[in-house]
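Before any comments, here is the structure.
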Amino acid sequence: MSAKVEVIRHSASHVLAEAVLKLYPGTKLGIGPAIDNGFYYDFQFPAPIQPEDLSAIEKEMRRIITGGSAFVRSEVSKDEAKKRFADQPFKLELIDGLEDGTISLYEQDGFVDLCRGPHVENTREIRPDAFKLHSLAGAYWHGDEKRPMLTRIYAYAFVSKAELEAYQKMLVEAEKRDNRRLGKELDLFSTHEEAGPGLIYWHPKGGRFRVELEDWWRSEHYKNGYDILFTPHIGKSWLWETSGHLGFYKEGMYSPMKVDEDDYYVKPMNCPFHIMIYNTNGHSYRDLPLRWAELGTVYRYERAGSLHGLMRVRGFTQDDAHIICTPEQIEDEIAEVLRFSLSIHKTLGFKEIKAYLATKPAKPEDSVGAPGMWSAALESLRKAVDKEGLAYEVDEGGGAFYGPKIDLKVKDAIGREWQLTTIQFDFNEPERFNMTYVDSDGQKKRPYMVHRALLGSIERFFGVYLEHTAGAFPVWLMPEQVAVIPVGEAFMDYAKKVCAELKGSGIRAKAMLSDERMNAKIRDAQGQKIPYMLVVGQKEMDEGTVSVRFRDGTQENGMAFATFRERVLDKIATKALDS
C-alpha cells in the first residue's frame with residue numbers, strides 16, 4: 001500500500017465516522033484504520049443498521065467530501081482529550097492506554113477524532129467516485145469475545161475511479177475462482193463443520209494433485225541436496241517449554257493431552273523435532289551444512305470466524321525445512337535457498353515475484369542474538385535478493401524476535417499478491433537447545449539455523465493455485481489428463497482400448513462410457529477442466545487416430561494416436577504450463 005493511498009483511505013474513514021454520527025446521533029465510535037484495498041470503522045449504533053442503509057451513509061460521505069473541509073491537526077493534554085470525548089467510552093479507553101503527554105486530534109467539518117495522522121489536507125482529495133461501502137460485519141472490541149460486539153463497516157477506496165472499477169472487476173473474477181466454490185465443482189476437497197471446522201478432507205482428485213505435487217517436491221529437494229525427515233505429531237510439554245512455544249505461542253496451541261501423567265501437545269511447528277534429531281549425534285564443521293526437509297502436518301488454533309476454505313485452516317502440512325550451517329556458510333546457503341525457491345515458483349507458472357525483507361525490531365528487548373549475528377544475517381538476505389535481481393521492500397523492525405527474514409510474494413492471474421516462501425533466521429532455538437558443532441579449531445560453537453518454507457503449506461498453496469489457475473492446472477498436475485469420448489455405443493471398445501494404452505503409458509485417462517449424448521460428455525469434461533478430450537468414431541477407429549478437443553475449445557482432428565500420446569508425455573515430462 002503506497003503512502004498516498006493509505007492516507008486517503010484513513011482520511012475517508014474519518015469522513016465515514018462523521019457521516020454516521022450525523023445520520024445516527026448517539027453512535028459510539030471505535031477505530032477506523034486503512035487496510036488493504038480500503039478501510040473500515042467500528043461503531044456501536046443505538047439500533048442495528050442493515051446493508052441497505054449503506055447507500056444513505058455513502059451519500060452523506062460524498063456531501064462531506066465535496067464540501068471541501070480542511071483536516072486540521074491539534075494537540076491537547078490527556079485530561080482535555082478525555083473532556084472532548086466524554087460521551088465516547090471506547091475513545092476514553094484508548095486515551096487511557098496512551099502515554100501521558102500531548103495527544104493529537106484531527107478535525108474536519110466540525111467532526112473531531114483521536115488520531116496520530118497523517119491525513120489529506122482537504123476532503124476534496126478523496127475522490128467521491130473512488131470509494132464504495134460494501135459490507136457490514138460484527139467485530140468484538142479489541143477482538144475480545146468478552147467485550148462488546150460492534151458493527152464494522154467495510155469500504156473499498158482508491159486514488160481514482162478507474163482503480164476502484166478495476167478492483168471491483170477483479171472481485172467478480174475472484175468470486176468465480178473462489179477455492180471453496182471450485183473445490184466443490186471439481187470435487188477436489190471438502191470441509192465438515194460437524195466433524196470439526198478448519199480441517200480439510202482431500203477427495204480422490206484433490207489427492208491425486210497432492211501426490212503429484214509432493215512427489216515432485218521430494219524429487220526437487222533430493223536434487224538440491226536436502227534429506228527428508230519424518231517426525232511425530234505430538235511431543236511432551238518439555239519440548240515446547242524448551243523451544244519457547246509455550247511461552248510465546250501458547251494461544252495458538254491446543255490444550256494438552258495426558259499420556260502417562262505427562263502433558264503432550266500436538267505440534268504447531270516442526271523445528272523442535274528437527275533439533276532433537278540434530279542433537280542425537282555430535283557434529284563437526286565438516287558435516288555442515290545440513291539441509292533437512294519435511295512435509296510435516298501441524299495444528300494451530302484459529303478462531304472459527306477466521307477460517308476460510310483452504311486459505312485459513314486448523315490443520316495443515318507445512319513444506320518445512322531447516323538449514324543448519326556455520327557462520328561462514330550462511331551467505332551461500334541463503335543464496336541457494338532463494339534460487340531454489342524461485343525455480344519452484346517459476347516452474348509452477350508464477351512470473352511476478354517480490355521480496356519483503358524484515359529487519360530487527362527497534363527495541364533491544366524485543367530480539368535475541370548478538371547484534372553482529374543480526375547484521376551478518378541481514379546482509380546475507382540482502383545479497384541473495386540483489387543477486388537474483390528481485391524487486392524488494394524493506395520492512396523496518398518487522399523481523400521476528402528471533403531473527404530477520406525474507407518473505408516472497410507471488411502475483412496471481414488476477415493481480416493479487418500471496419505470500420508463499422519464508423526464509424527465517426532463528427537465533428533463539430539453537431541457544432535454547434544447546435545446539436553445537438566442533439569447528440576447525442577444535443572448539444564447540446553454535447551453528448546458524450534457518451527455517452524455510454517454499455510453498456508455505458500444501459493446503460494454502462493448493463487454494464492459491466486453484467484460484468490462480470481457476471482449476472485449469474498444468475497437464476502434469478491435472479488429476480484427470482485425458483477423457484476418451486466415443487461418438488456412440490459402437491465405438492466404446494475402441495474408447496476403452498485408447499484409454500488402456502494411455503494409462504499403460506502413465507497418462508491419467510478415463511473413458512466416458514455413460515449413456516449421455518456425446519455433446520453432454522464434452523461439456524462435462526470441459527467443466528472438469530480436463531486438458532484433452534479425445535472424440536473417437538468410425539474414422540478414428542479405422543485409421544488408428546483420435547480427434548483431439550482441447551479445454552480452450554480448439555480442436556485437431558485425425559491425429560495419430562502415437563503422436564498424441566508422445567505430445568502428452570512431453571508436456572508432463574517438461575512440466576509445461578500449456579496443453
Side-chain angles (χ1 to χ4, degrees), residues 1-45 49 53-76 80-95 97-98 102-137 139 141-142 150-160 163-164:
M1 187 190 318
S2 71
K4 180 179 180 181
V5 73
E6 183 174 8
V7 168
I8 286 173
R9 288 169 179 167
H10 188 48
S11 301
S13 77
H14 280 228
V15 173
L16 169 59
E18 178 187 347
V20 164
L21 281 184
K22 287 188 175 181
L23 295 174
Y24 303 94
T27 297
K28 307 306 178 187
L29 304 178
I31 58 172
I35 57 174
D36 285 347
N37 305 310
F39 60 91
Y40 69 78
Y41 210 112
D42 292 339
F43 303 98
Q44 188 178 61
F45 287 92
I49 67 166
D53 297 321
L54 294 179
S55 59
I57 299 173
E58 266 188 19
K59 183 177 179 181
E60 180 62 21
M61 287 179 68
R62 293 192 174 97
R63 187 197 66 76
I64 295 166
I65 287 167
T66 55
S69 296
F71 278 84
V72 180
R73 176 187 170 93
S74 61
E75 293 185 348
V76 298
E80 178 61 25
K82 287 183 177 181
K83 291 177 184 177
R84 297 286 291 272
F85 293 96
D87 61 344
Q88 292 289 342
F90 302 115
K91 296 294 183 185
L92 291 175
E93 186 176 329
L94 292 174
I95 293 167
L98 297 174
T102 57
I103 292 173
S104 62
L105 310 176
Y106 275 86
E107 179 177 350
Q108 89 277 353
D109 191 34
F111 169 78
V112 181
D113 206 348
L114 181 72
C115 189
R116 285 193 294 264
H119 287 280
V120 296
E121 291 186 7
N122 190 287
T123 56
R124 287 202 182 107
E125 293 179 49
I126 306 166
R127 287 288 300 269
D129 56 0
F131 77 92
K132 177 70 179 174
L133 304 185
H134 64 85
S135 61
L136 301 174
W141 177 236
H142 287 324
L150 307 183
T151 299
R152 178 169 293 177
I153 298 179
Y154 281 103
Y156 306 130
F158 294 88
V159 174
S160 68
E163 288 177 294
L164 174 63

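In this chain, residues are counted from 1 in sequence order.
Under the 3.5 Å distance criterion, the side-chain polar atoms of Arg9 are left unmatched by any main-chain donor or acceptor of Phe39. A distance-only check finds no donor-acceptor pair linking the side chain of Asp109 to the backbone of Phe111 [under 3.5 Å]. A donor-acceptor contact shorter than 3.5 Å links the side chain of Lys28 to the backbone of Asp87. Not one N or O on the side chain of Glu6 forms a donor-acceptor pair closer than 3.5 Å with the backbone of Ala34.
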- Could you walk me through whether Leu114 and Leu105 pass the side chain to side chain contact (heavy atoms under 4.5 Å, CB included) check? CA-CA 5 Å; Leu114 181 72; Leu105 310 176; 3.9 Å; yes

- Item | Trace of the side chain to side chain contact (heavy atoms under 4.5 Å, CB included) decision for Ile49 with Ile153 | CA-CA 10 Å; Ile49 67 166; Ile153 298 179; 4.2 Å; yes

- Message: Applying side chain to side chain contact (heavy atoms under 4.5 Å, CB included) to Met61 and Leu133, what does each step give before you reach the verdict?
- Response: CA-CA 10 Å; Met61 287 179 68; Leu133 304 185; 4.0 Å; yes

- Item | Stepwise salt bridge (charged side-chain N to carboxylate O under 4.0 Å, His left out) test for Arg63 and Glu60 | CA-CA 5 Å; Arg63 187 197 66 76; Glu60 180 62 21; 2.8 Å; yes

- Item | side chain to side chain contact (heavy atoms under 4.5 Å, CB included) between Val159 and Arg127, worked out | CA-CA 7 Å; Val159 174; Arg127 287 288 300 269; over 6 Å; no

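The CD1 atom of Ile126 sits 11.0 Å away from atom OG1 of Thr66, with the distance rounded to the nearest 0.5 Å. Atom-to-atom distance recorded for Glu18:CD and Ile65:CD1 is 10.0 Å, nearest 0.5 angstrom. How far CZ of Arg84 is from OG of Ser74: 6.0 Å, rounded to the nearest 0.5 Å. Between atom NE2 of residue His134 and atom OH of residue Tyr154 there is a gap of 8.0 Å, rounded to the nearest 0.5 Å. Distance check, rounded to the nearest 0.5 Å: NE2 of His142 to CG of Asp42 gives 10.5 Å. Phe45 contributes atom CZ, which lies 5.0 Å from atom OG1 of Thr27 (distance to the nearest 0.5 angstrom).
The aromatic rings of Tyr106 and His14 stand perpendicular to each other, their planes meeting at an angle above 60°, with 30° marking the opposite boundary. Between His119 and Phe71, the two ring planes are parallel [angle under 30°; tilted spans 30° to 60°].
At least one side-chain heavy atom of Asp113 sits less than 4.5 Å from a side-chain heavy atom of Lys91. You'll find the side chain of Phe85 stays beyond 4.5 Å of the side chain of Leu94, heavy atoms only. The side-chain heavy atoms of Arg73 and Ser104, taken from C-beta on, include a pair separated by under 4.5 Å.
Residues Asn122 and Gly68 approach most closely at ND2-O, 3.0 Å, considering heavy atoms. Nearest heavy atoms, Leu29 versus Gln88: N-OE1, 2.7 Å. Between Ile64 and Thr123, the shortest heavy-atom distance links the atoms O-OG1, 3.5 Å. Heavy-atom minimum distance, Ser11 versus Val120: OG-N, 3.0 Å. Residues Ile57 and Leu23 approach most closely at CA-CD1, 3.7 Å, considering heavy atoms. Taking each heavy atom of Ile8 and Glu125 in turn, the nearest pair found is CD1-O, 4.1 Å.
Cation-pi geometry between Arg152 and Tyr40 is met: under 6.0 angstrom from the ring centre, within 45 degrees of the axis. Judged by the 6.0 Å and 45° rule, Arg62 forms a cation-pi pair with Phe131.
Aromatic rings from Tyr41 and Phe43 are positioned such that their centres are separated by under 6.0 Å.
Counting non-hydrogen atoms of other residues, nucleotides and ligands closer than 6.0 Å to CZ of Arg116 gives a total of 12 or fewer. Within a 6.0 Å radius of NZ in Lys22, more than 12 heavy atoms belonging to other residues, nucleotides or ligands are found.
The closest side-chain donor-acceptor pair between Glu93 and Trp141 falls under 3.5 angstrom.
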